[in-house]
Number of protein chains: 2
Amino acid sequence: MTSRKPKRNQDEWIYQEVFDAILEQRLAPGTKLAEDAMGEIFNVSRTVIRKVLQRLSHERVVEIRPNRGAVVSAPSVDEARDIFAARRLIEAGITRLACANITDESADELEELIREEDRHYHQGDRSGGIRLSGEFHMRLAEIAGNDTLKGYLKELVTRTSLIIAQYEAPGNTICTHNDHQELVDAIRAGDAETAVPLMDRHIQACEDKLNLDGGEAAPDLKAIFSRVSLERTDAA
Amino acid sequence: MTSRKPKRNQDEWIYQEVFDAILEQRLAPGTKLAEDAMGEIFNVSRTVIRKVLQRLSHERVVEIRPNRGAVVSAPSVDEARDIFAARRLIEAGITRLACANITDESADELEELIREEDRHYHQGDRSGGIRLSGEFHMRLAEIAGNDTLKGYLKELVTRTSLIIAQYEAPGNTICTHNDHQELVDAIRAGDAETAVPLMDRHIQACEDKLNLDGGEAAPDLKAIFSRVSLERTDAA
DNA sequence: GCACACATGAATGTACACAATTTTTTTCCA
DNA sequence: TGGAAAAAAATTGTGTACATTCATGTGTGC
């Protein structure tokens, strides 16, 4: 029952389905996205699937390897650090703009998002919590009013979700929710000099909770086994 | 004589051709890019052209209107301001990183780029000058070493070129070349506190030289005439 | 038994044909 | 003659067939 949507905006619909699945971590990094299989799932031809995959690839959410198909991106440690650095920079700018444009009304909406996020987390709905946390940051970008920066942030939020899926240290919740509340307080007051450092530290804290020093995700298999075989060769 | 490249990397080649043509302002904003025509020009099927157009569309360099084809993007005044604001933010970050990573060798390369840029401008090669100026900023991003920010800057540089094509005030050269030299001096010294404001003012100067207050590019025709007809209706 | 070469299968890359939509031209009526 | 409706042409959207490439499995020679 794939609920046949009207033929209009098929791509958009399929794109959203795949995008959400990745954002909510139902599709793990490295998962292969074969064109035939996806076409069968969504009842469209490979043509449409290819279009969706290319779009996701431009957003760096999936990786298309020539002649070898598409997989969900698996950011390396270096990429992860680049992404967090970019987020600190861009969210600092967004926060500054938001402080200039904030109204009581939009500040209230932000607080509503925070409450909803808490609700999901307390109900054990991790996926929903991650999504809502991202929506908080996106709403801030909307308040800032710069569409270009908003587009970049959307990409960064999604890729951050991929990074968390790969490098989350076991038994750690990632985002401290109090951060968001303090942030709104400062932004509501239009106090950029307080809000910007808060945002910077918030994202830094996110990064610090991850296990980015430990080891790579997939490629370390190769490294591990090559070392093992070397040791055995030495012993023999 | 379309110099048949090997079948490998056809997209990449065609993408570069179109991209360069837009960057060097040989394709004006608003120009229609029909699939059949482009396919004939490059001797490939529409399939390949569509792939290229979709990529350019995601980079906001062309706009794809559903069922109505692709045109070279024509940024509005609001978009233009957003893009300059984003550039100030991102290039500030890049400049700071470059100050930390600079070596004498890469600083020398930057100065070589400046000289080449000057050479082109003095020979009256405007297109080449614009391209070289963009390459200077891109090289800085490479030195900074953050691939994500580099990708964003590439987009912003191209879109800036589109903005200049639309809103350049007549008889004004856009980029002051001395700016670039002062910038390299500060970066070579690793002096971020000097370099970052220099970069910020450099981009601000670029924006200020444009005619962003005057009027929109194409749509104002519509607005003007609709107002005129209203007035005439009142008068009659 | 091991390494290299070859054959097979599955998946992606491209071209083309047809369907759906938009734009232009033609036609008809007031 | 002007304008609106309808027909025609042109353009984009989608499905499908075929070409090409890569990965895996098999066989042969040493």
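Below, chain A is the first sequence line, B the second, and so on; all start at residue 1.
Between the side chains of A:Q10 and A:Y15, not a single donor N or O lies within less than 3.5 Å of an accepting N or O.
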Pick out the pairs of N or O atoms, protein on one side and nucleotides 23-25 of chain D on the other, that lie under 3.5 Å.
residue : atom : partner : partner atom : Å
D:dA23  : OP1  : A:R68   : NE           : 2.8

Could you pull out the protein-nucleic contacts involving nucleotides 6-8 of chain D (nitrogen or oxygen on both sides, under 3.5 Å)?
none

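Using a 4.0 Å cut-off on heavy atoms, none of the residues of residues 26-37 of chain B approach DNA chain C.
For A:R65 and C:dT12, the CZ to P distance is 9 Å, given to the nearest whole Å. Between A:M38 atom CE and C:dT12 atom P the separation is 10 Å, expressed in whole Å. Spacing between atom CD1 of A:I14 and atom P of D:dT14 amounts to 9 Å, rounded to whole angstrom units. What separates CZ of B:R55 from P of C:dG13 is a distance of 14 Å, to the nearest Å. For the pair B:I64 CD1 and C:dT22 C1', the interatomic distance rounds to 16 Å; values are reported in whole Å. With rounding to whole Å, A:L53 atom CG is found 13 Å from C:dA11 atom C1'. In this structure, A:I49 places its CD1 atom 12 Å from C1' of D:dT14, rounding to the nearest Å.
By the 4.5 Å heavy-atom criterion applied to side chains, A:F19 and A:R55 are not counted as neighbours.
Of the side-chain N and O atoms in A:S45, one or more sit less than 4.0 angstrom from OP1 or OP2 of D:dG15. Taking 4.0 angstrom as the limit, B:Q10 places a side-chain polar atom (N or O) nearer than this to OP1 or OP2 of C:dT14.
B:H120 pairs by the side chain to side chain donor-acceptor pair (under 3.5 Å) definition with B:D125, not counting sequence neighbours. Not counting sequence neighbours, the partners of B:L97 by the side chain to side chain contact (heavy atoms under 4.5 Å, CB included) test are B:A144, B:N146, B:L149. Partners of A:E17 under the side chain to side chain donor-acceptor pair (under 3.5 Å) rule, at least two apart in sequence or in another chain, do not exist in this structure. A search for salt bridge (Lys or Arg N to Asp or Glu O under 4.0 Å) contacts involving B:E35 returns B:R46, B:R50, not counting sequence neighbours. Residues satisfying the side chain to side chain contact (heavy atoms under 4.5 Å, CB included) test with B:E79, not counting sequence neighbours, are B:R60, B:P75, B:S76, B:R159. When the side chain to side chain contact (heavy atoms under 4.5 Å, CB included) test is applied to B:R26, the partners found at least two apart in sequence or on another chain are B:A21, B:E24. With sequence neighbours left out, the side chain to side chain contact (heavy atoms under 4.5 Å, CB included) criterion links B:R96 to B:A192, B:E193, B:V196. For B:F84, there are no ring pair (Phe, Tyr, Trp, His ring centres under 6.0 Å) partners two or more places apart in sequence or in a different chain.
Because its NZ or CZ atom is not both nearer than 6.0 Å to the ring centre of B:Y167 and within 45° of the ring axis, B:K209 does not count as a cation-pi partner of that residue.
Position along DNA chain D of the nearest nucleotide to A:R46 versus A:P66 favours A:R46 as the more 5'-ward residue.
For A:D82 (side chain) and B:D147 (main-chain N/O), a donor-acceptor pair under 3.5 Å exists by modelled atom type.
Candidate nucleotides D:dT14, C:dA15, C:dT14 were compared by shortest atom distance to the side chain of A:K51, and D:dT14 ranks first. When distances are taken from the side chain of A:N67 to each of D:dG15, C:dT12, C:dA15, the shortest belongs to C:dT12.
Taking each heavy atom of A:I22 and A:S161 in turn, the nearest pair found is O-OG, 4.2 Å.
For the helix from C:dG1-D:dC30 to C:dA30-D:dT1, the end axes, each set by the C1' atoms of five terminal pairs, are bent relative to each other by 10° (nearest 10°).
When each of A:I41, A:N43, A:V48 is tested with A:I14 by the rule side-chain contact (heavy atoms from CB on, under 4.5 Å), just one qualifies, namely A:V48.
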